[in-house]
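What follows is one structure encoded as structure tokens, with my remarks underneath.
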Amino acid sequence: MTDQVNPAKVQKIPKINGVRGMNDLLPADAAQWTHLEHVLRDLTRAYGYEFLRTPIVEATAVFQRGIGEVTDIVEKEMYSFEDRLNGEQLTLRPEGTAALVRSVIENNLLYEGPKRLWYTGPMFRHERPQRGRYRQFHQFGIEALGFAGPDIDAEMILMGQRLWDELGLQGVRLEINSLGQANERAEHRTALVAYFEKNQEQLDEDSQRRLLTNPLRILDSKNPAMQDLIEGAPKLLDFLGEESLKHFEAVQALLKANNIPCKINPRLVRGLDYYNLTVFEWITEELGAQGTIAGGGRYDPLIERMGGKAAPACGWAMGMERVLELMKVSGSLPEPQAQCDVFVIHQGGETLTAAMIIAERLRNAGVDVILFCPPDGQTASFKSQMKKADASGATYAVIIGPDELAKDEAQLKELRSSGEQKAVALDSVVEAVIDAIVGATE
Ligand code: HAM
């Protein structure tokens, strides 16, 4: 009896898909991310910011206390779970600031004085996925801790502008506002509640709820039916005291002196509870509904609220997916890069051994090399290898067939412009490739 399987009975193993709203970064897009990451590294160096990486998982309390219990993020968007082994309440970080502050306090980083810090990495929010809005997304953020003056607010905004210029982003506008201090907000809040209570019949369901919990967020409502009501609401800016106004005006003056245009948006309140004084967002109309590419502001109360010694702080974060999307729209994405400089072709057996040695020597000399490896473990025709060499974007092919090997030689072929091919002694391949690369760049 043969051991044959009845195809009708073979069940196809179902594939497993990724989680909705969480995307793979595919090789075709990797170069764009690397480019962005390089620009960000240069930017942070140019302003003296140091890198800090926190874990992706934190105690849930970090965000409950940091971001605030009555925020969309904490109320409905966090990926929180209980550690099965010890019952700890944990959360996949929805943002970087509260976690960074937790780390700064725990590691006593402000002991020696103020700090300029930056971070990047995946964040998680259970939002409805759409263009520019994901459940796993990536942020780049900068945080300056221990600086009280308007100078750091302005410096951080200048960094943003420099970044957009560097990345070739078009159509980004800066909106700023001041949230004043807690007592000023309390007075405003009283006036706001009174105003909305007087007009309660015009509030939608969400806003009715917010009236009791976080009335400031009503100003954030996108409901067209409520826009007139919101427009007529008491403005926080009218409740700011002298000190707060002075800070806000100083930020604006520094921006003006540096030719950074900005629009004051009295309705800009941000969705996280830790802010005071200056808040700001960079917005574009080019990306549809999710047009805020970055946002942040001053958060002087947070360090103390997280259990540290009170210290002022300011920062912002940008959505990397949104920025890359805007680069695409602005036509400023970098050209796709070649995978390697040299593609090495052989015919298996001894030619493979020689090819592998040459490939290693080339890499020792700093040349990027792909060595052909046949998918079936056998060998492949010269023609199909040349096709692969072409697709790799390599500028040169080094070809070692049995004829070449018999003469201790390789063929060096230029692939992109001249197509020129010449025999080179095996011992001189590295030299010949380097000469060719240097010659081409001169
Ligand atoms: P945020 O405004 O919540 O602020 O997020 C900053 C940026 O992250 C947004 O402007 C947006 O570009 C991006 N972003 C947010 N949610 C998503 C999402 N679901 N999908 C894609 N991109 C998204 C913060 O997180 C604060 N920690 C910023 C900050 C730093 N404030 C002070 N320091």
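Values reported hereafter were calculated over all heavy atoms of this structure, with side chains retained and with hydrogens, waters and symmetry mates removed. Remember, it's 1-based here, ligands and their atoms both numbered in the order they're listed.
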Surrounding CE of M356 (heavy atoms of other residues, nucleotides or ligands, distance under 6.0 Å), is the total greater than 12? no
Between Y274 and ligand 1, which residue portion shows a heavy-atom distance shorter than 4.0 Å: side chain, backbone, both, or neither? side chain
So, the side chain of N223 versus the backbone of A225: is there a donor-acceptor pair under 3.5 Å, distance only? yes
Find the distance between CG (N199) and CG (D228) and round it off to the nearest 0.5 Å. 11.0 Å
If you measure from each heavy atom of Y275 to ligand 1, is any distance below 4.0 Å? yes
Element-labelled atoms of ligand 1 that are located less than 4.0 Å from some non-hydrogen atom of G132: 20 (N), 21 (C), 22 (N)
Whether G141 lies under 4.0 Å from ligand 1, heavy atom: no
Is the closest heavy-atom distance from R133 to ligand 1 below 4.0 Å? yes
Exercise: identify the closest heavy-atom pair between M327 and L169: CG-CD2, 3.3 Å
Within a strict 4.5 Å, meaning less than it, do heavy atoms of the L237 and I264 side chains meet? yes
With heavy-atom distances below 4.5 Å as the criterion, would you say the side chains of D206 and M226 are in contact? no
One residue to check: R270. Relative to ligand 1, which of side chain, backbone, both or neither has a non-hydrogen atom less than 4.0 Å away? side chain
Going by heavy atoms, is A294 under 4.0 Å from ligand 1? yes
Nearest-0.5 Å distance that lies between atom CZ in F63 and atom CG in L272: 11.0 Å
Is the contact between A317 and ligand 1 made by the side chain, the backbone, both, or neither, using heavy atoms and a 4.0 Å cut-off? both
Is it the side chain, the backbone, both or neither of I293 that has a heavy atom closer than 4.0 Å to ligand 1? backbone
Part of R322 within contact of ligand 1 (heavy atoms, under 4.0 Å): side chain
For G295, counting its heavy atoms only, list the atoms of ligand 1 lying under 4.0 Å from any of them. 10 (O), 28 (C), 29 (C)
Relative to ligand 1, is W316 under 4.0 angstrom through side chain, backbone, both or neither, heavy atoms considered? backbone
If hydrogens are left out, which of E281, E127, R125 has an atom nearest to atom 19 (N) of ligand 1, that is, the closest non-hydrogen atom? E127
Validation row: L277, S244 side chains within 4.5 angstrom (heavy atoms): yes
Side chain, backbone, both or neither: which part of Q139 has a heavy atom under 4.0 Å from ligand 1? side chain
At under 4.0 Å between heavy atoms, is it the side chain or the backbone of Q290 that contacts ligand 1, or both, or neither? neither
Only one of L302, L117, I105 forms a side-chain contact (heavy atoms from CB on, under 4.5 Å) with L100, so which one is it? L117
